[in-house]
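Worksheet for the structure shown next.
Each chain gets a letter, A, B and so on, in the order the sequences are listed, and its residues count up from 1.
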2 protein chains.
Amino acid sequence: MATVRRVSFPLVNNFTNRIPDATVRRFSLYLRLLEEFERAGKATTASTALAEHTGATAAQVRKDLQHLGSMGKRGLGYSVPELVGVLRRTLGLDTSWRVALVGAGRIGRALFEYGLFRQRGFVITTVIDADPAKVGRKLRDVRIRSSEELERALLEDRTDLAILAVPAAATQEMADRVVGAGVKAVLNYAPVQLRAPAGVTLRHVSMLVELESLSHALVRLRRHPPAPSSGAS
Amino acid sequence: MATVRRVSFPLVNNFTNRIPDATVRRFSLYLRLLEEFERAGKATTASTALAEHTGATAAQVRKDLQHLGSMGKRGLGYSVPELVGVLRRTLGLDTSWRVALVGAGRIGRALFEYGLFRQRGFVITTVIDADPAKVGRKLRDVRIRSSEELERALLEDRTDLAILAVPAAATQEMADRVVGAGVKAVLNYAPVQLRAPAGVTLRHVSMLVELESLSHALVRLRRHPPAPSSGAS
DNA sequence: GAGTGTGAAGCAGTTCACAGCG
DNA sequence: CGCTGTGAACTGCTTCACACTC
């Protein structure tokens, strides 16, 4: 009680406080844009510029960046390199993460080949597949290992993060095993909702869910045509 | 005034009101689960069962389903086939949608091959790629067309929905052209935020954003180890 | 009694508006 | 004067709790 006595030192940043998910996701977008600015040699930028290219409002950008501490200079804006640095650190992109890919099917292989994330510090060190025909083959220089080996492989390879790209029916079981092997971050590609104990972070990428939500929007549009309003070009 | 006199006919559904995005996305999950129930021969189900497998709470399931009208019977639950029907209709899965794939690179091709969404009524009728070497080749029975042909192709094929799987730098331009060709729903795979006029629905699937959000969670975990608390098994 | 339907309270993220600093 | 920093209002989703129906 007795109002915690608003401390006056600058509260350099409040890493201690959790940052909203939505904000973290926008950080990714800000960062990519800022890196472009950096390449273009811009030294500073303003919240309006960041907003314009990321679909946020200027106020939102400022609120978001406040989670990193007060990084801007009034009347001037934000230092591009400084912000890039802080965002990289906040997003954990200053280290390299060891990633296991579970499922070397069509999606799994496409992910494996996708170069963009290697350059962001995500290195696929381990590939697992249940199909005996695939075990022993290689993706680039990574040998595909059987799903019996999963726990051992993940421990040996000190896996930080697992990507699940297996059939929906097998996904929860694989998630459990991956978590059992100590992995604290899981990215799931199957259109099922996973359950995991507290302390494990799950993220979900589902084309199907997104497509169906688009499909819903189309149906709605068809049933309730937009207000005619002023002639949109 | 005088309390609108609670109409007694069942308010079959309120399609007129918009349904929150979050709810629509959960509909996808409910539907998949209900289809499983249907295959298993269950005639009815309860909000608790739906909640358990989709990571929602029972109250949330009920609130969500209310958007479809009052579909449940107190003391009994929901009719599985009835709910499946309404959800399919609401999600627009009772029609078939004509989809254009813009970008036949690694991701584009993986999406093309992904069977699961054809059986949901999404049919890829058109494939576009900027690479002249690819133009004229076929993915299954669909000929790859050049990006100059984009507008013509999309109009000819009466495209409902476009999937963009092109490099980040080209994405906004492709989005503009696709929208210019009258497409009202766009699914974007590049890690950039698109802008589109009102009336066009955008969805965004970005592995990179999700990975970075996981990476952030890992960093946080490292800096603020979880409360020891009771021994989680 | 079991399980829905739903107002009301709670909570989180977003927007506003403006004070304040460079 | 420009642009950030930020309380306060707002909006919208989620949770609660319980009346109500089958």
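- Rounded to a whole Å, the CD1 atom of I19(B) is 14 Å from the C1' atom of dC13(D).
- A salt bridge is absent between K73(B) and E82(B): the closest approach of a Lys/Arg side-chain nitrogen to an acidic carboxylate oxygen does not fall below 4.0 angstrom.
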Solution key, residues 172-192 of chain A side-chain donor-acceptor pairs under 3.5 Å, sequence neighbours excluded:
from    : atom 1 : to      : atom 2 : distance (Å)
Q172(A) : OE1    : R195(A) : N      : 3.1
Q172(A) : NE2    : D176(A) : OD1    : 2.8
Q172(A) : NE2    : R195(A) : O      : 3.1
R177(A) : NE     : E151(A) : OE2    : 2.9
R177(A) : NH2    : S147(A) : O      : 2.6
R177(A) : NH2    : E151(A) : OE1    : 2.9
N188(A) : OD1    : A190(A) : N      : 2.8
N188(A) : ND2    : A190(A) : O      : 3.2
N188(A) : ND2    : V192(A) : O      : 3.1
N188(A) : ND2    : H204(A) : NE2    : 3.1

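- OP1 or OP2 of dC3(D) has not a single side-chain nitrogen or oxygen of S47(A) nearer than 4.0 Å.
- Just one residue in the list R25(B), R203(B), R26(B), R32(B) forms a salt bridge (Lys or Arg N to Asp or Glu O under 4.0 Å) with E212(A), and that residue is R32(B).
- The line from CG of L211(B) to CZ of R120(A) is 11.0 Å long, rounded to the nearest 0.5 Å.
- In this structure, R26(B) places its CZ atom 8 Å from C1' of dC13(D), rounding to the nearest Å.
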With the criterion being N/O to N/O and under 3.5 Å, what pairs connect the protein with nucleotides 19-22 of chain D, and how long is each?
from    : atom 1 : to     : atom 2 : distance (Å)
dC20(D) : O2     : R74(B) : NH1    : 3.1
dC22(D) : O4'    : R74(B) : O      : 3.4

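- Taking atom CG of residue L83(B) and atom C1' of nucleotide dG3(C), one finds them 14 Å apart after rounding to whole Å.
- Atom CG in D64(A) sits roughly 17 Å away from atom P in dA12(C) (whole-Å rounding).
- Checked against dT4(D), dT4(C), dT6(C), the side chain of S70(B) finds its nearest nucleotide in dT6(C).
- Contact check, Y78(B) against dG5(C): a side-chain N or O comes under 4.0 Å of OP1 or OP2.
- Atom CG in L65(A) sits roughly 13 Å away from atom P in dT14(C) (whole-Å rounding).
- For M71(A) and dC3(D), the CE to C1' distance is 16 Å, given to the nearest whole Å.
- Put simply, CG on L68(A) is 14 Å from P on dT4(D), counting in whole angstrom units.
- T201(B) places no side-chain N or O within donor-acceptor distance of the main-chain N or O of A217(A), the cut-off being under 3.5 Å.
- Donor-acceptor pairing under 3.5 Å, judged by distance alone, is absent between the side chain of K63(A) and the base of dT6(D).
- In this model, the phosphate group of dC16(D) is not approached by any side-chain N or O of R62(B) to a distance below 4.0 Å at OP1 or OP2.
- Taking the charged nitrogens against the carboxylate oxygens, R118(A) and E113(A) have no contact shorter than 4.0 Å, which rules out a salt bridge.
- Ranked by how close their nearest DNA chain C nucleotide is to the 5' end, T45(B) and P20(A) are led by T45(B).
- A sub-4.0 Å separation between OP1 or OP2 of dT6(C) and a side-chain N or O of Q66(B) is present.
- Between T90(B) and R223(A), the closest heavy-atom pair is CA-NH2, 4.5 Å.
- dT14(C) atom P lies 11 Å from atom CG of D21(A), rounded to whole Å.
- Contact check, Q60(A) against dG13(C): no side-chain N or O comes under 4.0 Å of OP1 or OP2.
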